[in-house]
Each structure stands twice: as structure tokens, then as C-alpha cells.
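Each remark here refers to the structure printed beneath this line.
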Amino acid sequence: MLLNDKKTAAHIRAFASAGKLEVIYCDNHILVLNKPAGILIQRDKTGDSSLIEYAKAYIKDKYNKPGNVYLGLVHRLDRPVSGVVVFARTSKAASRLSNQFKERTTGKIYTAIVEGEIPAEGDWLDSVARRGVTSYIAEDGEGRPADLHFSRLIYKDGFSLVRIRLGTGRHHQIRIQFSSRGYPIVGDFRYGSGLKFGDRAIALHSSLLKITHPTTKEEMTFRAKPAEIWHNYFTEI
């Protein structure tokens, strides 16, 4: 599909105006959304419509903006992952937010459902390397350091609900660190799960994102709840 395809443009506008975008926060500088699982952040070679296009259509309609709408992409979530995403509404905000993610001054907490009974809590430090579209745990001296802290919230019927605090943000880091230890994320066929979890989705959700506002310098924390399908595993979510 082409970006100027009329049918595609109409679909994007309809999606954005039908209340399918969960807007967490919006001002003149940033837009924060709860990304649904299965949607691309940015259009790729598949040609599928993306979250940034939906978000631009939302801004255009809400504020009656003429012409093109600017939104800066400052971080990413994998297509099958859901949760908090922030976009910049100005180039200055984009630059400042990008630096925060690069310098790791943001705070990120994820929630996941993994197969098996994971330990009550722990800290993992690995070397993670990337090969094409997948990542793997590398030998010493190869790859880049990847660290996280996790705590098990609930264990029930062969599944663990886990809270994860990221120290680094490597490609597929959470997915490969859990899978390599025998706890694949539910629905993550690429990294060892044999269970389906919705449409193009895995049970990994960005539940909290902490940033410094790019202009006011205020520390801001944004939270998002996962989709209803999560209640099939844990009603307590």
C-alpha cells in the first residue's frame, strides 16, 4: 500500500476517529498512547498501516490541523507487544526525548505472562547479539550487555505473571532473556512458546513509562493496562 492510497488513508482516519486509539496524555509537545498488540509502530515492507499513522490522523482530526502532521518517533515497541508509547509533537521535543532514551534516563516497567514457574525475583545480566530479525544470548566478548530485574507477581496453572524493570533496551531483550532460561513469553513463537495469544500478539506489555517532559522538565509517569485477553490467565490483573 502507498501512503497516499485513498483507501488506506480512509482506513487510518476511520480507525483513529472510532475511539480505537487509547490516548493516555496529549499536550502541544507530546502524545502518549496505549499501543495495541499486533500493530506496527512504523510502516515496514509489509505495507500494513502503523500506529504513527493512526496517531497523526487522530491529531489532525482532533485539532483540525491542515496539511501534514508532525510526530517524532523516539522509541519503539515490537509489533506483538502492547503498552505505553510516547511520540513527540515537535522536532525540539523529539530531540530531547530521544536523548533521554539514548542516555537511559527514562524508566520502563513491563508486565509479562511466561510459561512455567519462574523464581520469585532475580537480576539477569547477559550479552545479547542480533542476527537479522532475531536476537540471541551471546558468548563472552560478543554482543552487548543486557540487564533487567524481575519479580513474580502470581503463579497459577503453569503460568507466571511477571513484573520487569529494564536496565537496558536491547533488541528483543526481554523475550530472549526469559526464553533462554526456559520461560518463554506466552504467544512468542519466535522464542519458544507453543501457545497462541491473540492476533499477532505476545503476552508482553509496557505497563509504565517515566520521562522528563521535554519543555516543562516535569517528571511524568504514564501507565497503561493490558488487553482483556490477559484476564484469561489472571483475573487479578
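Positions are given from 1 along the sequence. Side chains included, hydrogens not; waters and symmetry mates left out as well; all remaining heavy atoms used.
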Using side-chain heavy atoms (C-beta onward) and a distance below 4.5 Å, is [X] in contact with [Y]?
| X | Y | answer |
| --- | --- | --- |
| L51 | L33 | yes |
| L195 | F159 | yes |
| I174 | L166 | yes |
| R144 | V128 | no |
| V86 | Y25 | no |
| T215 | R96 | yes |
| R165 | K108 | no |
| F87 | I30 | no |

Measure the spacing between [atom1] of [X] and [atom2] of [Y] and express it to the nearest 0.5 Å.
| X | Y | atom1 | atom2 | result |
| --- | --- | --- | --- | --- |
| L148 | F178 | CG | CZ | 5.5 Å |
| I113 | I154 | CD1 | CD1 | 9.5 Å |
| S160 | I185 | OG | CD1 | 12.0 Å |
| H75 | S98 | NE2 | OG | 9.5 Å |
| L208 | I164 | CG | CD1 | 13.0 Å |
| R170 | R130 | CZ | CZ | 12.5 Å |

Practice task
From the options R79, R175, K196, select the one residue that forms a salt bridge (Lys or Arg N to Asp or Glu O under 4.0 Å) with D188.
Solution key: R175

Handout entry: Verdict with reasoning, E115 to S193, per side chain to side chain donor-acceptor pair (under 3.5 Å)
Key = CA-CA 8 Å; E115 298 177 27; S193 176; 2.6 Å; yes

Which pair of heavy atoms, one from [X] and one from [Y], lies closest together, and at what distance?
| X | Y | result |
| --- | --- | --- |
| S82 | H205 | OG-ND1, 2.7 Å |
| L71 | A55 | CD1-CB, 3.4 Å |
| A88 | A93 | CB-C, 3.8 Å |
| C26 | I59 | SG-CD1, 4.0 Å |
| S49 | I39 | O-CG2, 4.5 Å |
| N28 | T90 | O-CG2, 3.8 Å |

Exercise for the section: Establish, yes or no, whether the cationic atom of R89 lies under 6.0 Å from the six-membered ring centre of Y70 and within 45° of the ring axis. Expected result: no

Problem - K35 side-chain N/O to I41 backbone N/O, donor-acceptor pair under 3.5 Å - result: no

Exercise for the section: Examine distances only and state if a side-chain atom of E103 and a backbone atom of Q100 form a donor-acceptor pair shorter than 3.5 Å. Expected result: no

Please check if [X] and [Y] belong to a single hydrophobic cluster, counting links between Ile, Leu, Val, Met, Phe, Trp and Tyr side chain heavy atoms closer than 4.5 Å.
| X | Y | result |
| --- | --- | --- |
| Y233 | I237 | yes |
| F197 | F189 | no |
| V114 | F150 | yes |
| L40 | L73 | no |
| I202 | I229 | no |

Practice task
Show your working on side chain to side chain contact (heavy atoms under 4.5 Å, CB included) between F234 and K156 and close with a plain yes or no.
Solution key: CA-CA 8 Å; F234 298 99; K156 184 172 67 176; 3.9 Å; yes

Exercise for the section: Inspect the surroundings of CD in E139 and state if more than 12 heavy atoms from other residues, nucleotides or ligands are less than 6.0 Å away. Expected result: no

Exercise for the section: Inspect the surroundings of NZ in K210 and state if more than 12 heavy atoms from other residues, nucleotides or ligands are less than 6.0 Å away. Expected result: no

Exercise for the section: For side chain to side chain contact (heavy atoms under 4.5 Å, CB included), just list the numbers for V32 and V84, CA-CA rounded to whole Å, side-chain angles, deciding distance to a tenth of an Å, and then say yes or no. Expected result: CA-CA 7 Å; V32 185; V84 184; 3.7 Å; yes

Exercise for the section: Verify the distance criterion only: is there a donor paired with an acceptor across the side chains of Y191 and H172 at less than 3.5 Å? Expected result: yes

Handout entry: Distance-only side-chain donor-acceptor flag, S135 / Q173, under 3.5 Å
Key = no

Exercise for the section: In sequence, state the C-alpha distance, the side-chain angles, and the governing distance for R190 and D78, and then conclude on salt bridge (charged side-chain N to carboxylate O under 4.0 Å, His left out). Expected result: CA-CA 12 Å; R190 175 168 290 173; D78 296 337; over 6 Å; no

Handout entry: Steps toward side chain to side chain contact (heavy atoms under 4.5 Å, CB included) verdict (E142, Y136)
Key = CA-CA 11 Å; E142 184 186 5; Y136 61 95; 2.7 Å; yes

Exercise for the section: Mind running side chain to side chain contact (heavy atoms under 4.5 Å, CB included) on L77 and Y110 for me, showing each step along the way? Expected result: CA-CA 11 Å; L77 291 180; Y110 288 78; 3.5 Å; yes

Tabulate below the donor-acceptor pairs under 3.5 Å that side-chain atoms of residues 116-126 make, not counting sequence neighbours, or state none.
| from | atom 1 | to | atom 2 | distance (Å) |
| --- | --- | --- | --- | --- |
| D123 | OD1 | H149 | ND1 | 3.0 |
| D126 | OD1 | R181 | NH2 | 3.0 |
| D126 | OD2 | Q177 | NE2 | 2.7 |
| D126 | OD2 | R181 | NH1 | 2.9 |
| D126 | OD2 | R181 | NH2 | 3.1 |

When the side chains of residues 219-228 are checked against the rest of the protein, which donor-acceptor pairs come out under 3.5 Å, sequence neighbours left out?
| from | atom 1 | to | atom 2 | distance (Å) |
| --- | --- | --- | --- | --- |
| E228 | OE1 | H231 | ND1 | 3.3 |

